[in-house]
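Proteins come first, then strands; the chains are lettered A, B, ... in the order of their sequence lines, and each starts at number 1.
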2 protein chains.
Amino acid sequence: MSTDSTSAATTESPFVLEGRPTAQLIADQLREQIVQGAFLPGQQVNESVLAVQLNTSRGPIREALQRLSQEGILVNKRNRGVFVRELTSEDIREIYAVRQALESTAAEELLASPSETIEETCSVLEETLGEMAKQVAVSNWQEIARLDMQFHTSFVSGTGNSRLIRSYKTLAAESRMCILNLEVSYPRVDALVEEHQVLLDLLARRDRKALLRAIRLHLEKAVEDLTTQHDKALGA
Amino acid sequence: MSTDSTSAATTESPFVLEGRPTAQLIADQLREQIVQGAFLPGQQVNESVLAVQLNTSRGPIREALQRLSQEGILVNKRNRGVFVRELTSEDIREIYAVRQALESTAAEELLASPSETIEETCSVLEETLGEMAKQVAVSNWQEIARLDMQFHTSFVSGTGNSRLIRSYKTLAAESRMCILNLEVSYPRVDALVEEHQVLLDLLARRDRKALLRAIRLHLEKAVEDLTTQHDKALGA
DNA sequence: CTTGGCCAAATTGTCAACAATTTGCCTGGC
DNA sequence: GCCAGGCAAATTGTTGACAATTTGGCCAAG
C-alpha cells in the first residue's frame, strides 16, 4: 500500500471534479476507506502520499483531513500529522450513549411526523434490511457493518432534522470504526437482522414505548458485545 | 467595516501563534465574533480581507472557515464563498430538539456519576449563574447570552463524555446565533436567572425526574420565545 | 421598452515552493 | 556502558501566485 503502481486502485476516480465540493469528495472517500479498515488505528496518514495517490495537491487533502479530524475519526498532532484514532472501551460507551440519545429523539420525532413520512422511512429501512439479510447469508462482514449503520442512519434521516442527522452521521462513522477494529464483532448475526426487524416493526406499528425500549436494549447490547470483544482483543 | 484601518480593532491579537493549532484559534475568534453579531446573517465572509485583518495568509483562513462551515454557522456556496447562515424558525426547533436530547442524556449521565463530579459541576454552574445575575443587573445582553450558553455547556461538560460535549458545543454556538439575531430576545430576564437556578438546585438535589422535566420545559419555553420573536421580526 | 448574449470583475479553488518544528539517530564525553 | 548534546531527515505549517468559475452589468437586437 506504499507507493507502487497498484495504489492506483485506491484512486477510485481519475478526475476528482464532478461539479461538487472537491475536498468533501476526498473526505468521503477517505472516511469510507478508514471505516473499512484500509488504515489501521494509530497509523499516520501522510498528506503528500495521499496527494499523489489521489492525483491532486496537498491543499484539498489538508482540508479533507481536517474535516475528518473534526469528525473525530482522525486525531491531529501539532507539527506531527494526523493519525487514525484508536478507540477504547470508554470511547465505545461514549459513542453509544450519544447514539441512544439521538436515536430516541429521532423515534419521538418520527412518531410525531405524518404517516406518509413514517411509511416512507419504513420502506427505506425494509430495503436496507433485505440487503443486510443477503450479506449475512454470505458472511460479508464489511457490508454487514455498513448496512447496519445505514439502517440506523436512515432511521434518523427520516426525521428530516438536519442537525440530528449531522450529529448522528459522525457517530455512525465512529461506530463503524469500533466494529471494524474488532474483526468478527457480531457474535450472532441472526440476532442482528432480527433485532433490526423488530425496530422496523415497532416503528411501523407506532408503538412508541416499545420502540424506545427496543432502541435502548439494542444499543446497550451492542456496547456489551463491543466492549467485551475489545477487552478480549487487548488481553490477547 | 470594509478595508479601512479601523478594522484592525477586530484583530484582537497581533500575533496569532500561541503554540497551539493556528486555524483553530482563528476559528474560535471568528465564531465568537459571529455569534456576537459582528457579521450579519447572510453576509459574505471574504477570505482575502480576513487574511489581511488577521495578518496571515488565506490558507489558515480557509481552514477556519471550513471548520465553521462544518459546524453549521457558515454555509459554503461552491465558487461563491462562505456566508453567515440565516436561521429560520424551523432551524430553531431543530436545534433545540437536539439540545433537549443531549442535555437530558447529560443529566442522566451526571446523576450516575460520583458525587464528587456532581458537586464540582454544581460549583461551576453556580459561579456562572452569579456572573449572569450581575450582567442581568446591567442589561448586558451579549454577555447574558454568552453566559446562558456557558451554563448549559458547563452542564454537559460535567459528564466528561467528549462526544456529547463536542456535539453540544456546535449547537450552543448555533443557539447563540439564534438569540443574537433577535435583538432583545429575552422577554423577562428575571425568569431566565431563576430558571437556571432551578436547574442547578435540582441537579444538586439529585432529583432526576424533576430535573429532566425542568430541562424540557426550559428549552421548550426558549423555543417558543425565540420563534415568536423570530416570526415577529420577519413580519416587521 | 424588453430581452438576449457577451464581457469584465471579483472571488474562490488549486498548486508548488519555502519555512518551521518535531523526532530519532549519531557522536562525543563521562 | 550510559547519558547528554547536537545534527539531519521527514513532515507539517504557511505563503504567494496562478487557474477556474460565477455573477452582475453593458450593449445591441428585436
Side-chain angles (χ1 to χ4, degrees), chain A residues 1-3 7 11 13-30 34 39-40 42-71 73-85, chain B residues 1-4 7 11 13-30 34 39-40 42-71 73-86:
Chain A
M1 195 188 294
S2 51
T3 56
S7 63
T11 306
S13 62
F15 29 82
V16 275
L17 279 193
E18 300 181 4
R20 301 203 320 171
T22 315
Q24 184 154 359
L25 289 179
I26 299 174
D28 292 340
Q29 278 189 32
L30 281 180
I34 291 172
F39 297 86
L40 282 71
Q43 178 181 348
Q44 182 167 10
V45 179
N46 190 301
E47 294 181 0
S48 304
V49 309
L50 268 182
V52 300
Q53 278 184 7
L54 298 181
N55 196 33
T56 179
S57 80
R58 278 179 51 211
I61 300 291
R62 268 184 79 82
E63 289 191 13
L65 293 182
Q66 190 210 21
R67 183 170 291 234
L68 297 180
S69 296
Q70 198 173 352
E71 288 182 11
I73 70 180
L74 295 177
V75 291
N76 198 320
K77 304 192 178 183
R78 168 95 177 179
N79 285 316
R80 283 296 315 275
V82 294
F83 302 81
V84 179
R85 174 160 225 152
Chain B
M1 198 188 293
S2 51
T3 56
D4 55 343
S7 63
T11 307
S13 63
F15 28 81
V16 276
L17 280 192
E18 299 180 5
R20 302 201 318 169
T22 315
Q24 183 155 1
L25 290 179
I26 299 174
D28 291 341
Q29 277 189 33
L30 281 181
I34 292 173
F39 297 85
L40 282 72
Q43 179 181 347
Q44 181 166 11
V45 179
N46 190 301
E47 292 181 3
S48 304
V49 310
L50 267 182
V52 300
Q53 278 183 8
L54 298 181
N55 196 33
T56 180
S57 77
R58 277 180 51 210
I61 299 291
R62 267 184 80 81
E63 289 192 12
L65 293 182
Q66 190 209 27
R67 181 171 292 235
L68 297 180
S69 297
Q70 198 172 354
E71 289 182 9
I73 71 182
L74 296 177
V75 292
N76 198 321
K77 305 193 177 181
R78 167 98 177 178
N79 284 317
R80 281 298 314 277
V82 295
F83 302 80
V84 179
R85 174 160 224 154
E86 299 180 90

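In terms of heavy atoms, B/Ala23 sits closest to B/Pro60 at CB-O, 4.0 Å. The minimum heavy-atom distance linking A/Pro21 with B/Arg78 is given by the pair CA-NH1, 3.3 Å.
Straight-line distance from the CZ atom of B/Arg62 to the C1' atom of C/dT12: 6 Å, rounded to whole Å. Distance CG (A/Leu50) to P (D/dT11): 12 Å, rounded to an integer number of Å. Atom CG of A/Asn76 and atom C1' of C/dT22 are 14 Å apart (whole Å). Atom CD of A/Glu63 and atom C1' of D/dT12 are 16 Å apart (whole Å). The CD atom of B/Gln66 sits 14 Å away from the C1' atom of C/dT14 (whole-angstrom rounding). Atom P of nucleotide C/dT22 and atom NZ of A/Lys77 are separated by 14 Å, given to the nearest angstrom. Summarising the geometry, the separation between CD on B/Glu47 and C1' on C/dG13 is reported as 9 Å, rounded to the nearest angstrom. Spacing between atom CG of B/Leu54 and atom P of D/dT15 amounts to 11 Å, rounded to whole angstrom units.
Under the salt bridge (charged side-chain N to carboxylate O under 4.0 Å, His left out) criterion, the residue pairs touching residues 48-58 of chain B are B/Glu47-B/Arg58, with sequence neighbours excluded.
Remark: A/Glu71 pairs with A/Arg31, A/Arg67, A/Leu68, A/Thr170, B/Gln70 by the side-chain contact (heavy atoms from CB on, under 4.5 Å) rule, at least two apart or across chains. A search for side chain to side chain donor-acceptor pair (under 3.5 Å) contacts involving A/Asn46 returns nothing, not counting sequence neighbours. For the side chain to side chain donor-acceptor pair (under 3.5 Å) test, no residue two or more places apart in sequence or in another chain qualifies with B/Asn76.
Side-chain proximity of B/Arg80 to C/dT23, D/dT12, D/dT22: nearest is D/dT22. Among the nucleotides C/dT12, D/dT12, D/dT14, the one closest to any side-chain atom of B/Thr22 is D/dT14.
With rounding to the nearest 0.5 angstrom, the CG atom of A/Leu54 is 4.5 Å from the CD1 atom of A/Ile61.
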With side chain to side chain contact (heavy atoms under 4.5 Å, CB included) as the test, would you mind laying out the steps for A/Phe83 and A/Gln43 before giving the verdict? CA-CA 5 Å; A/Phe83 302 81; A/Gln43 178 181 348; over 6 Å; no
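The bend of the helix from C/dC1-D/dG30 to C/dC30-D/dG1, defined by the angle between the axes of its first five and last five pairs, stands at 0° to the nearest 10°.
Considering B/Ile73, B/Leu40, B/Ile34 in turn, B/Ile34 is the only one that fulfils the side-chain contact (heavy atoms from CB on, under 4.5 Å) rule with B/Val84.
Contact annotation: A/Gln44 reaches the phosphate of D/dT12 (side-chain N/O to OP1 or OP2, under 4.0 Å).
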Between the protein and nucleotides 15-20 of chain C, are there any N/O to N/O pairs under 3.5 Å, and if so, what are the atom names and distances?
residue	atom	partner	partner atom	Å
C/dC15	OP2	A/Thr56	OG1	2.6
C/dC15	OP2	A/Ser57	N	2.9
C/dC15	OP2	A/Ser57	OG	3.2

